[in-house]
Peer 1: 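The structure's right below; bear with me while I get my questions together.
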2 protein chains.
Amino acid sequence: MKPGFSRCNNATLRRAARSLGRFYDDALAPAGLKGTQFGLLFQIHVGSEPTMGDIAEALIMDLSALGHTLKPLIRDGYVETFADKDDRRVKRVRLTPRGEVKLSEAIKLWSIAQQRFEDKVGAEQAAKLRAALDAVADLDLEMPTAAPSN
Amino acid sequence: MKPGFSRCNNATLRRAARSLGRFYDDALAPAGLKGTQFGLLFQIHVGSEPTMGDIAEALIMDLSALGHTLKPLIRDGYVETFADKDDRRVKRVRLTPRGEVKLSEAIKLWSIAQQRFEDKVGAEQAAKLRAALDAVADLDLEMPTAAPSN
DNA sequence: TCTATTTAGTGGCATATGCCACTTCCGCGA
DNA sequence: TCGCGGAAGTGGCATATGCCACTAAATAGA
């Protein structure tokens with residue numbers, strides 16, 4: 001088997017994610033953001049003051065992981081949280097003005113990387129790949145429970 | 001735009017990786033291994049006492065990241081390292097007998113998850129997806145340097 | 001042969017992610 | 001209205017990954 005060409009879907013996916021992640025990270029570096037942070041800011045931006053749970057669900061991310069990832073962004077003043085008016089358990093999230101500016105700046109850098117990628121693989125192919133990845137992400141793979149019929 | 005369906009190739013890839021990663025992690029949990037650890041043990045297993053650099057290259061992983069990731073596996077006695085005979089800078093890696101046993105155990109669990117995945121998306125489609133991901137991983141995306149012609 | 005350069009890893013620091021235990025709230029039922 | 005079970009987050013702990021600065025060792029040159 002050629003090096004790096006595993007039959008494991010998970011290993012292959014992670015390998016590609018590491019590779020592509022570095023590329024986008026490099027592209028965003030001038031803005032001082034990582035690819036994940038950019039994605040998170042964007043997700044908050046397009047949402048309507050989403051709750052932590054909303055974001056975690058959209059990104060298929062563990063709620064606590066989201067909390068951790070949000071911390072540096074809050075610390076740097078790009079994001080702020082506030083309690084929901086009706087349910088005090090719920091915490092909503094939004095970008096600060098500073099965060100909006102940073103996001104705009106980052107989008108310019110992201111566009112370059114995104115364009116570069118699409119030039120290499122083709123916009124069609126890229127769209128197909130994203131569709132396939134979204135399909136995989138949304139698969140219900142839960143292992144059938146021992147006794148699902150009781 | 002529907003939630004979670006980003007145009008960003010990197011964000012989409014990471015999202016799918018989180019999703020699939022959890023599935024494989026769950027499947028491997030009985031063996032006490034994470035998906036990444038399984039992949040790493042396997043890579044070491046199929047190699048011929050690979051060097052740190054060999055592994056890092058095959059997995060498109062930062063050399064220092066590999067070192068970090070290897071630590072728990074060494075601590076748990078699944079992997080051991082030794083200096084190369086001819087080049088004292090080089091560190092080679094291999095599984096311990098205990099590591100071989102653990103890998104066998106993990107492969108059984110992995111097969112179930114892998115099979116489940118392939119049942120859901122189809123073996124053909126899975127193979128195509130892996131091929132696409134390998135292609136993406138191996139793309140040369142380096143941003144053209146300002147002055148590549150000097 | 002001696003030195004400048006390159007190569008292979010390490011250690012420290014920071015972010016990315018998850019799981020689990022725990023706290024706080026909300027809502028429902030007795 | 002009291003109290004219990006479920007929902008939403010937090011904090012702690014552990015692994016996953018990267019970058020950077022630094023050390024040690026091999027190598028190309030002068």
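To find a chain, count down the sequence lines: A is the first, B the second, and so on, and within it residues start at 1.
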Peer 1: Taking the nucleotide of DNA chain C with the closest heavy atom to each, which residue, B:D26 or A:P72, is nearer the 5' end?
Peer 2: A:P72
Peer 1: Hey, could you give me the CG/CG distance between B:D54 and B:L66, rounded to the nearest 0.5 Å?
Peer 2: 10.5 Å
Peer 1: When the distance from CE of B:M61 to P of D:dA16 is rounded to whole Å, what number comes out?
Peer 2: 8 Å
Peer 1: Between B:E118 and B:R130, is the closest basic N to carboxylate O distance under 4.0 Å?
Peer 2: yes
Peer 1: Scan residues 80-90 of chain A against DNA chain C and write down, sorted by residue number, each residue with any heavy atom closer than 4.0 Å; if none is found, say none.
Peer 2: A:D87, A:R88, A:R89
Peer 1: Which listed nucleotide (C:dC19, D:dT17, D:dG9) is nearest to the side chain of B:R22?
Peer 2: C:dC19
Peer 1: Check each residue of residues 27-37 of chain B for a non-hydrogen atom within less than 4.0 Å of any atom in DNA chain D, then write out the ones that pass by number, or none.
Peer 2: B:K34, B:T36, B:Q37
Peer 1: Here's a test of your reading of the structure: between A:R18 and A:L63, which maps to the more 5' nucleotide of DNA chain D?
Peer 2: A:L63
Peer 1: Find the distance between CZ (A:F42) and CD1 (A:I107) and round it off to the nearest 0.5 Å.
Peer 2: 5.5 Å
Peer 1: Do A:T12 and A:N9 meet the criterion of a side-chain donor-acceptor pair at a distance under 3.5 Å?
Peer 2: no
Peer 1: Can you tell me how far the OG atom of A:S19 sits from the CG atom of B:D140, to the nearest 0.5 Å?
Peer 2: 9.5 Å
Peer 1: State plainly whether the residues A:E49 and A:R92 are in salt-bridge range, i.e. N to O under 4.0 Å.
Peer 2: no
Peer 1: Rounding to a whole Å, what distance do you find between A:R14:CZ and C:dT17:P?
Peer 2: 9 Å
Peer 1: Expressed in angstrom and rounded to an integer, what is the separation of A:M52 atom CE from C:dT17 atom P?
Peer 2: 14 Å
Peer 1: May I have the distance from A:L66 (atom CG) to D:dG9 (atom C1'), rounded to whole angstrom?
Peer 2: 10 Å
Peer 1: What about B:H68: does its side chain form a donor-acceptor pair under 3.5 Å with the base of C:dG12?
Peer 2: yes
Peer 1: What is the distance, to the nearest angstrom, from the OH atom on B:Y24 to the P atom on C:dC19?
Peer 2: 17 Å
Peer 1: Is B:L133 close to A:R15 at the side-chain level, that is, under 4.5 Å between some pair of heavy atoms?
Peer 2: no
Peer 1: In whole angstrom, give the distance that lies between atom CG of A:L70 and atom P of C:dT17.
Peer 2: 12 Å
Peer 1: Just to confirm, is there a sub-4.0 Å distance from OP1 or OP2 of D:dG11 to any side-chain nitrogen or oxygen of A:K71?
Peer 2: yes
Peer 1: Round to a whole Å and report the spacing from CZ of B:R92 to C1' of C:dT7.
Peer 2: 15 Å
Peer 1: Starting from P on D:dA16, measure out to CG on B:D25 and report it in whole angstrom.
Peer 2: 9 Å
Peer 1: Other residues, nucleotides and ligands only: do more than 12 of their heavy atoms fall within 6.0 Å of CD on B:E57?
Peer 2: no
Peer 1: Answer with base, sugar-phosphate or nothing: what part of the nucleic acid does B:R75 contact at a heavy-atom distance below 4.0 Å?
Peer 2: sugar-phosphate
Peer 1: Output yes when a side-chain donor or acceptor of A:Q125 lies under 3.5 Å from a complementary backbone atom of A:G122, and no otherwise.
Peer 2: no
Peer 1: I want to confirm an ordering. Mapping B:D76 and A:S64 to their closest nucleotides on DNA chain D, which one lands closer to the 5' end?
Peer 2: A:S64
Peer 1: Looking at every non-hydrogen atom in both residues, tell me the closest pair between A:S6 and A:A11 and how far apart they are.
Peer 2: OG-CB, 4.2 Å
